[in-house]
Amino acid sequence: MTTKTKNIITWILAGILALAFISSGIPKLLGVEMQIKNLESWGYPLWFRFPIGLAEVVFAIGLLIPKYRKITIYGIFIWTLAAVITHLQAGQTNMIAAPILFSVIAGLILFFQREK
């Protein structure tokens, strides 16, 4: 696979993952009712929506800045592990697929952007 192809794949995956994080973070920051219900079901105080939403927006931005992409992905790995644990503790096993998928996409980004 050529470097150009790897670069294109990396940007596509980073864009998809950034869109997912921005789509998750903005509703938390805006206090969308569904997000409030989610926080309550997880046992988190409602003010947690601000740091959680902000972190998700920062992840989206970090994925789109190549200089910060690698450290952002490491943060995403930790974030998605915390999300899986949160869902499992809340008895929401049906909701762990998304964070696992996010980790897989993040891992693929690391794989395609690695040095030769």
### Query
Can Ser24 and Lys28 be counted as having a side-chain donor-acceptor contact under 3.5 angstrom?
yes
### Query
Tell me, do Val32 and Ile26 make a side-chain contact under 4.5 Å, heavy atoms counted?
no
Which pair of heavy atoms, one from [X] and one from [Y], lies closest together, and at what distance?
| X | Y | value |
| --- | --- | --- |
| Pro66 | Trp11 | CG-CZ2, 3.5 Å |
| Ala18 | Leu63 | N-CD1, 3.7 Å |
| Phe21 | Glu56 | CB-O, 3.4 Å |
| Ser41 | Ala90 | O-CB, 3.7 Å |

### Query
Do other residues, nucleotides or ligands put more than 12 heavy atoms under 6.0 Å from the OH atom of Tyr68?
no
Hydrophobic clustering (ILVMFWY, side-chain heavy atoms < 4.5 Å, transitive) - are [Y] and [X] grouped together?
| X | Y | result |
| --- | --- | --- |
| Leu101 | Met95 | no |
| Ile85 | Ile100 | no |
| Phe77 | Ile52 | yes |
| Leu64 | Leu17 | no |
| Ile105 | Tyr74 | yes |

### Message
Do Arg114 and Phe111 form a cation-pi contact, if we require the NZ or CZ to be under 6.0 Å from the six-membered ring centre and within 45 degrees of the ring's axis?
### Response
yes
### Message
Under the rule for side chain to side chain donor-acceptor pair (under 3.5 Å), what residues qualify as partners of Ser23, not counting sequence neighbours?
### Response
none
#### Entry: Test applied, side-chain contact (heavy atoms from CB on, under 4.5 Å); reference residue, Arg49; option that passes from Ile36, Leu30, Leu29
Ile36
Rounded to the nearest 0.5 Å, what separation is found between the [atom1] atom of [X] and the [atom2] atom of [Y]?
| X | Y | atom1 | atom2 | answer |
| --- | --- | --- | --- | --- |
| Thr86 | Ile96 | OG1 | CD1 | 12.0 Å |
| Ile9 | Lys4 | CD1 | NZ | 12.5 Å |
| Leu110 | Ile73 | CG | CD1 | 4.0 Å |
| Leu13 | Gln113 | CG | CD | 10.5 Å |
| Gln35 | Leu39 | CD | CG | 7.0 Å |

### Query
For residues 102-112, which residue pairs qualify under side chain to side chain donor-acceptor pair (under 3.5 Å), counting only residues two or more places apart or in two chains?
Thr80-Ser103
### Query
Are the side chain of Thr5 and the backbone of Met1 linked by a donor-acceptor contact shorter than 3.5 Å?
no
#### Entry: Set of ring-ring contact (aromatic ring centres under 6.0 Å, His included) partners for Trp42, sequence neighbours left out
His87
### Task
Could you give me the CA-CA distance, side-chain angles and deciding distance for Leu46 and Glu40, then say whether side chain to side chain contact (heavy atoms under 4.5 Å, CB included) is met?
CA-CA 7 Å; Leu46 295 183; Glu40 290 171 343; 3.9 Å; yes
